[in-house]
Amino acid sequence: MTAIELRGATKRYRSRTAIDDVGLTVEYGEIVGLLGRNGAGKSTTVAAIAGLIGLDDGEVRVDGFDPVRDRRRVRAVLGVQLQDAELHAALTVGELARLYRSFYRDGLDPDALLERVGLTAERKTRFENLSGGQQQRLSIALALIGDPRVVVLDELTTGLDPEARRSMWSLVRALRADGLAVLLVSHLMEEVERLCDRVVVLDAGRVIARGTPAELVSRTGGETLDDAFLALTGEKGEPS
């Protein structure tokens, strides 16, 4: 069964169409990158996959289930790390990890997961006192604590130093090796080239290109995925 599937996904906000006839798939055991400049429709696509919004046309399935109608079943298999997650500022890292673990019947050990993302020393630190990079790592841990089969990572390494970034890349590769499906939303082209098996590029709410990173580079005549992204969208693929 396909882990994530969108067919003809369309979402309108009054006179604006956020995504238009978007189709993409993510299989188990692969990492798919979702690229696009700001306003291209990436956030709307993620929100539809997570069941935070309904579609006007088309459909989305996660592990075969509709994220809106089958919310409970999707919640059991899907982990989502959002770029701007809002967490209770006064709770400590350990308290947040235990709280999120309590939402799931089965899941991972909170202390082991915090060690995996490099937050063992911050277990007693309040969320409001964490650095931006530490908050990002906690958000990733909370996305994984329910032991999901499908993971959406939105700007995975924003705010992380190079060492922490490489550590997160190793973690994502391990998820793929364990058979998980990963949808990676990123502006960082080096990250996408290193991690992704396939790439889907959005522009103005529509899919304008898809393929492996090497295929997109070859198709556009560039030398790197950053060159390909610029050729396809007219904007460099660097964080904004």
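Along the sequence shown, residues are numbered consecutively beginning with 1. Quick note: numbers below take in every heavy atom, side chains included, and nothing from hydrogens, waters or symmetry partners.
- For the pair I208 and L232, the tightest heavy-atom approach, listed with the atom from each and the gap, is CD1-O, 3.6 Å.
- Look at R12 and D57 and you find a salt bridge, because one of the NZ, NE, NH1 or NH2 atoms lies within 4.0 Å of a carboxylate O, short of that distance.
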Verdict with supporting geometry, L55 and T10, side chain to side chain contact (heavy atoms under 4.5 Å, CB included): CA-CA 6 Å; L55 295 173; T10 300; over 6 Å; no
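- A donor-acceptor distance shorter than 3.5 angstrom exists from the side chain of R210 to the backbone of G23, with no hydrogens or angles considered.
- Once rounded to the nearest 0.5 Å, the distance linking CG of L230 with CE of M189 reads 11.0 Å.
- Residue E95 holds its CD atom at 3.5 Å from OG1 of T92, rounded to the nearest 0.5 Å.
- Counting heavy atoms from C-beta outward, L142 and L87 have side chains that approach closer than 4.5 Å.
- You'll find the side chain of P162 stays beyond 4.5 Å of the side chain of R165, heavy atoms only.
- Looking at every heavy atom in both residues, V60 comes nearest to P67 through O-CD, 3.4 Å.
- Counting non-hydrogen atoms of other residues, nucleotides and ligands closer than 6.0 Å to CZ of R176 gives a total above 12.
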From CA spacing to verdict: side chain to side chain contact (heavy atoms under 4.5 Å, CB included), L183, V151: CA-CA 6 Å; L183 180 66; V151 181; over 6 Å; no
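- The line from CD1 of I145 to CZ of F103 is 10.0 Å long, rounded to the nearest 0.5 Å.
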Verdict with supporting geometry, D20 and V22, side chain to side chain contact (heavy atoms under 4.5 Å, CB included): CA-CA 6 Å; D20 185 7; V22 168; 5.9 Å; no
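- Considering only heavy atoms from C-beta on, D227 stays 4.5 Å or farther from V217 through its side chain.
- Side-chain polar atoms of E191 and S186 form a donor-acceptor pair below 3.5 angstrom.
- Between the side chain of S102 and the backbone N or O of L99 there is at least one donor-acceptor pair closer than 3.5 Å.
- Put simply, CD on E190 and CG on L225 are 11.0 Å apart, with the number rounded to the nearest 0.5 Å.
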Decide side chain to side chain contact (heavy atoms under 4.5 Å, CB included) for L175 and L144; before the verdict, give the C-alpha distance in whole Å, the side-chain angles of both, and the deciding distance to 0.1 Å. CA-CA 10 Å; L175 296 177; L144 299 176; 4.0 Å; yes
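- With rounding to the nearest 0.5 angstrom, the CZ atom of F127 is 10.5 Å from the CD atom of Q134.
- The closest side-chain heavy-atom distance from L35 to L202 is not below 4.5 Å.
- In this structure, K11 contributes its side chain and T17 its backbone to no donor-acceptor pair below 3.5 Å.
- In plain terms, the two heavy atoms of G54 and V68 that are nearest each other are CA-CG2, 4.2 Å.
- At a threshold of 4.5 Å between non-hydrogen side-chain atoms, the residues V207 and L24 do not count as touching.
- Here the side chain of E115 pairs no donor or acceptor atom with the backbone of A112 at under 3.5 angstrom.
- Atom CZ of R123 is surrounded by 12 or fewer heavy atoms from other residues, nucleotides or ligands within 6.0 Å.
- Using a distance-only test at 3.5 Å, with no hydrogens or angles considered, no donor-acceptor pair links the side chain of D178 to the main chain of L180.
- Rounding to the nearest 0.5 Å gives a distance of 9.5 Å between CG of L6 and CG of L34.
- Listed for the N129 side chain is no donor-acceptor partner under 3.5 Å among the backbone atoms of T125.
- For T45 (side chain) and G41 (main-chain N/O), a donor-acceptor pair under 3.5 Å exists by modelled atom type.
- Closest heavy-atom contact between A143 and P148: O-CG, 3.6 Å.
- With Q81 contributing its side chain and S139 its backbone, the two residues share no donor-acceptor pair below 3.5 Å.
- When the side chains of ILVMFWY residues are joined at heavy-atom separations under 4.5 Å, either directly or via intervening members, I53 and V74 end up in two distinct hydrophobic clusters.
- Of the N and O atoms on the side chains of Y28 and D63, at least one donor lies less than 3.5 Å from an acceptor on the other residue.
- R37 places a side-chain N or O within donor-acceptor distance of the main-chain N or O of T233, the cut-off being under 3.5 Å.
- Under the 4.5 Å side-chain criterion, counting only non-hydrogen atoms from C-beta, V192 is not in contact with F229.
- Counting only heavy atoms from C-beta outward, the side chains of V150 and V26 never approach each other to under 4.5 Å.
- Residues V172 and L153 are in side-chain contact: their nearest non-hydrogen atoms beyond the backbone lie under 4.5 Å apart.
- No donor-acceptor distance shorter than 3.5 angstrom exists from the side chain of E122 to the backbone of V93, with no hydrogens or angles considered.
- A salt bridge does not link R73 to D70: none of the charged side-chain nitrogens sits closer than 4.0 Å to a carboxylate oxygen.
- The heavy-atom pair separating A228 from L216 by the smallest distance is CB-O, 3.7 Å.
- L52 and I19 sit in two unconnected hydrophobic clusters of ILVMFWY residues. Membership requires side-chain heavy atoms under 4.5 Å apart, directly or through other members.
- Donor-acceptor pairing under 3.5 Å is recorded for the side chains of E27 and T2.
- Side-chain N/O atoms of Q136 and T157 include no donor and acceptor closer than 3.5 Å.
- Residue G133 comes nearest to L160 through the heavy atom pair O-CD2, 3.2 Å, listed as atom of the first residue, atom of the second, then distance.
- Remark: R75 is positioned above the aromatic ring of Y104, its terminal NZ or CZ atom under 6.0 angstrom from the ring centre and at most 45 degrees off the axis.
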